[in-house]
Amino acid sequence: MALTDILPGTLGFGTAPLGNMFRDIPDAEARATVDAAWDDGIRYFDTAPLYGAGLAELRLGEALAERPRADYVISTKVGRLILDEKEDVSARDQGEKGGLFAHGRDNRVVNDYSYDATLRSIEDSLERLRTDRIDIAWVHDVAQDFYGDAWLEKFESARTGAFRALDRLRDEGTIKGWGLGVNRVEAIELLLDLDEPRPDGCLLAGRYTLLDHDRALQRLMPKAAEQGVGIVVGGPYSSGALVGGPNFEYAPATQAILDKVARIKAIADRHGISMKAAGLQFPLSNPAVAAVIPGASRPSRIAEDRAALEETVPAAFWRDLREAKLVHADAPLPG
């Protein structure tokens with residue numbers, strides 16, 4: 001099934017911040033943020049067991065428990081099991097993302113992409129989310145940023161385990177679609193090169209943004225469009241760097257990134273448009289992209305995202321970015 005047939009719109013809500021990413025978020029604030037998204041009309045919510053060791057799923061499940069299940073779409077992820085036993089959060093090996101969920105729960109997180117673990121992961125997520133079904137399942141983080149040189153071994157484990165389990169669940173109608181949920185393009189390229197099984201879409205975080213899209217444009221986006229595999233773009237603001245935050249790719253931004261942001265902002269200011277509008281509208285102009293899912297941990301951010309999506313951005317802004325070589329020559333642009 002095409003991803004656009006599953007998703008209710010082009011703007012979704014990424015719940016990684018609800019897992020206490022970067023900071024300890026009060027339950028009431030997390031709940032108010034999901035409620036604000038619902039009140040805004042957002043009906044696609046993406047989550048994962050990894051986010052706070054189950055915390056984001058628990059919070060999302062509680063916030064959506066009274067909503068009609070037929071009215072919204074949930075995607076979650078497989079590849080991590082959250083156990084009842086506790087562990088030292090600071091000792092977790094999470095590759096380049098170490099410490100990201102230091103404020104989350106201290107339940108033990110086990111990486112496992114096998115067939116049986118995938119089925120168990122779905123069952124556990126259903127319980128935390130307080131729902132009877134998952135719409136989309138993404139195989140989480142089988143890429144270099146988490147596993148370094150061992151990432152191909154993890155991919156092979158997922159190919160013979162998780163991919164087959166999710167293919168079966170889709171065929172049985174338990175889920176509507178599946179794919180990868182990663183922060184690197186190579187794993188998705190590898191998946192699209194397989195003869196079988198066939199994914200319905202993939203979630204790509206941080207790699208098709210205004211600040212970083214060159215690599216994805218080379219092979220991934222054209223191939224995804226050709227195969228009808230929709231791409232959900234996560235992290236459209238590049239961990240906040242694009243909109244004035246200190247982080248890029250979950251770490252302090254380099255001077256080169258800060259300089260690029262400043263150059264884009266100067267052009268945006270000249271045209272009187274917001275950086276959020278530029279950041280959201282750029283990825284959606286690519287025919288392979290089915291939706292964008294900015295994350296939020298404060299209710300006010302939801303209204304900002306909606307306004308950014310609907311803001312009128314003059315074609316001259318995009319032309320100026322192209323002439324300044326701040327977007328790739330082959331990148332599709334809005335308008």
Side-chain angles (χ1 to χ4, degrees), residues 14 16 19 21-22 46 48-53 76-83 87-104 106-115 117-118 121 137-166 178-194 199 202-209 211-221 223-224 231-235 238-241 247-254 256-257 295:
M21 186 166 72
F22 296 127
D46 176 72
L50 179 67
Y51 302 158
T76 192
K77 305 182 182 77
V78 300
R80 269 65 172 254
L81 293 174
I82 311 302
L83 307 186
E87 67 179 355
D88 179 0
V89 174
S90 65
R92 286 178 185 150
D93 181 8
Q94 295 185 341
E96 296 174 15
K97 307 298 187 297
L100 203 57
F101 295 103
H103 300 285
D106 60 355
N107 292 61
R108 187 174 169 218
V109 180
V110 176
N111 301 335
D112 192 336
Y113 297 91
S114 67
Y115 189 98
T118 298
S121 181
W138 308 120
V139 182
H140 207 186
D141 290 328
V142 279
Q144 305 94 309
D145 53 332
F146 269 91
Y147 299 111
D149 292 340
W151 82 271
L152 286 168
E153 294 172 32
K154 294 294 183 182
F155 184 94
E156 182 60 15
S157 175
R159 186 189 69 80
T160 58
F163 295 2
R164 291 176 182 174
L166 296 176
W178 71 271
L180 295 184
V182 291
N183 300 275
R184 295 288 184 270
V185 301
E186 292 83 359
I188 302 179
E189 290 175 350
L190 198 56
L191 176 62
L192 296 181
D193 284 340
L194 297 176
C202 286
L203 194 167
L204 178 64
R207 300 283 76 77
Y208 197 73
T209 70
L211 293 180
D212 185 353
H213 55 267
D214 291 9
R215 180 77 174 82
L217 272 170
Q218 292 173 24
R219 284 184 63 228
L220 174 57
M221 302 309 273
K223 183 171 282 237
I231 301 294
V232 173
V233 170
S238 296
S239 296
N247 294 314
F248 173 79
E249 192 62 6
Y250 313 108
T254 63
I257 289 293

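Values below: all heavy atoms of this structure, side chains included; hydrogens, waters and symmetry mates excluded. Since we're looking at a predicted model, the values are computed, not measured. Here, residue 1 is the first one in the sequence, and each next residue gets the next number.
A donor-acceptor pair under 3.5 Å is formed between the side chain of Tyr113 and the backbone N or O of His140. Thr160 contributes a side-chain N or O that, together with a main-chain N or O of Glu156, makes up a donor-acceptor pair within less than 3.5 Å. In this structure, Arg207 contributes its side chain and Asn183 its backbone to a donor-acceptor pair below 3.5 Å.
Contacts of Ile257 classified as side-chain contact (heavy atoms from CB on, under 4.5 Å), with partners at least two apart in sequence or in another chain: Leu211, Ala241, Phe248, Ala253, Thr254, Val261. With sequence neighbours excluded, the residues forming a side-chain contact (heavy atoms from CB on, under 4.5 Å) with Ala16 are Met21, Tyr51, Phe101, listed by chain and number. Qualifying ring pair (Phe, Tyr, Trp, His ring centres under 6.0 Å) partners for Trp178, counting only residues two or more places apart in sequence or in other chains: Phe163. Taking the salt bridge (charged side-chain N to carboxylate O under 4.0 Å, His left out) definition, one finds that Asp112 meets it with nothing, sequence neighbours left out. Looking at residues two or more places apart in sequence or on another chain, you find a side-chain contact (heavy atoms from CB on, under 4.5 Å) between Ala53 and Ile82, Arg92, Arg105, Asn107, Val109. Scanning for side chain to side chain donor-acceptor pair (under 3.5 Å) contacts around Glu189 gives Arg215, Arg219, with sequence neighbours left out. Residues forming a side chain to side chain donor-acceptor pair (under 3.5 Å) with Ser238 (at least two apart in sequence, or on another chain): Thr209. Legend: residues meeting salt bridge (charged side-chain N to carboxylate O under 4.0 Å, His left out) with Asp149, ordered by chain and number and at least two apart, are absent. By the side-chain contact (heavy atoms from CB on, under 4.5 Å) test, Asp106 is found to be paired with Lys86, Val89, residues two or more places apart in sequence or in another chain being considered. Applying the salt bridge (charged side-chain N to carboxylate O under 4.0 Å, His left out) rule to Arg108 yields the partners Glu85; only residues at least two apart in sequence or on another chain are considered.
Between atom CG of residue Leu217 and atom OH of residue Tyr208 there is a gap of 4.5 Å, rounded to the nearest 0.5 Å. Put simply, CE on Met221 and CD1 on Ile188 are 8.5 Å apart, with the number rounded to the nearest 0.5 Å.
Heavy-atom minimum distance, Trp138 versus Leu180: CE3-O, 3.6 Å. Between Ala162 and Val78, the shortest heavy-atom contact is CB-CG2, 4.4 Å. The minimum heavy-atom distance between Asn247 and Pro252, with the atom names listed, is OD1-N, 3.5 Å. Contact between Leu190 and Trp151 at its shortest, heavy atoms only, is CD2-CH2, 4.2 Å. Taking every heavy atom of both residues into account, Tyr115 and Arg164 meet most closely at CE1-C, 3.9 Å.
The side-chain contact (heavy atoms from CB on, under 4.5 Å) with Ser121 is formed by just one residue from the set Leu81, Val139, Thr76; it is Leu81.
Residues Val182 and Phe155 are not in side-chain contact: their nearest non-hydrogen atoms beyond the backbone lie 4.5 Å or more apart. Looking at heavy atoms from C-beta onward, Val232 lies out of side-chain contact with Asp46 at the 4.5 angstrom threshold. Arg159 is listed as a side-chain neighbour of Leu194, based on a closest heavy-atom distance under 4.5 Å.
Salt bridge status for Lys223 with Asp193: present, with a side-chain N to carboxylate O gap under 4.0 Å.
Summarising the local packing, CD of Glu153 is surrounded by 12 or fewer heavy atoms from other residues, nucleotides or ligands at distances under 6.0 Å.
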Glu249 vs Asp212, side-chain contact (heavy atoms from CB on, under 4.5 Å): CA-CA, chis, key distance, verdict: CA-CA 10 Å; Glu249 192 62 6; Asp212 185 353; over 6 Å; no
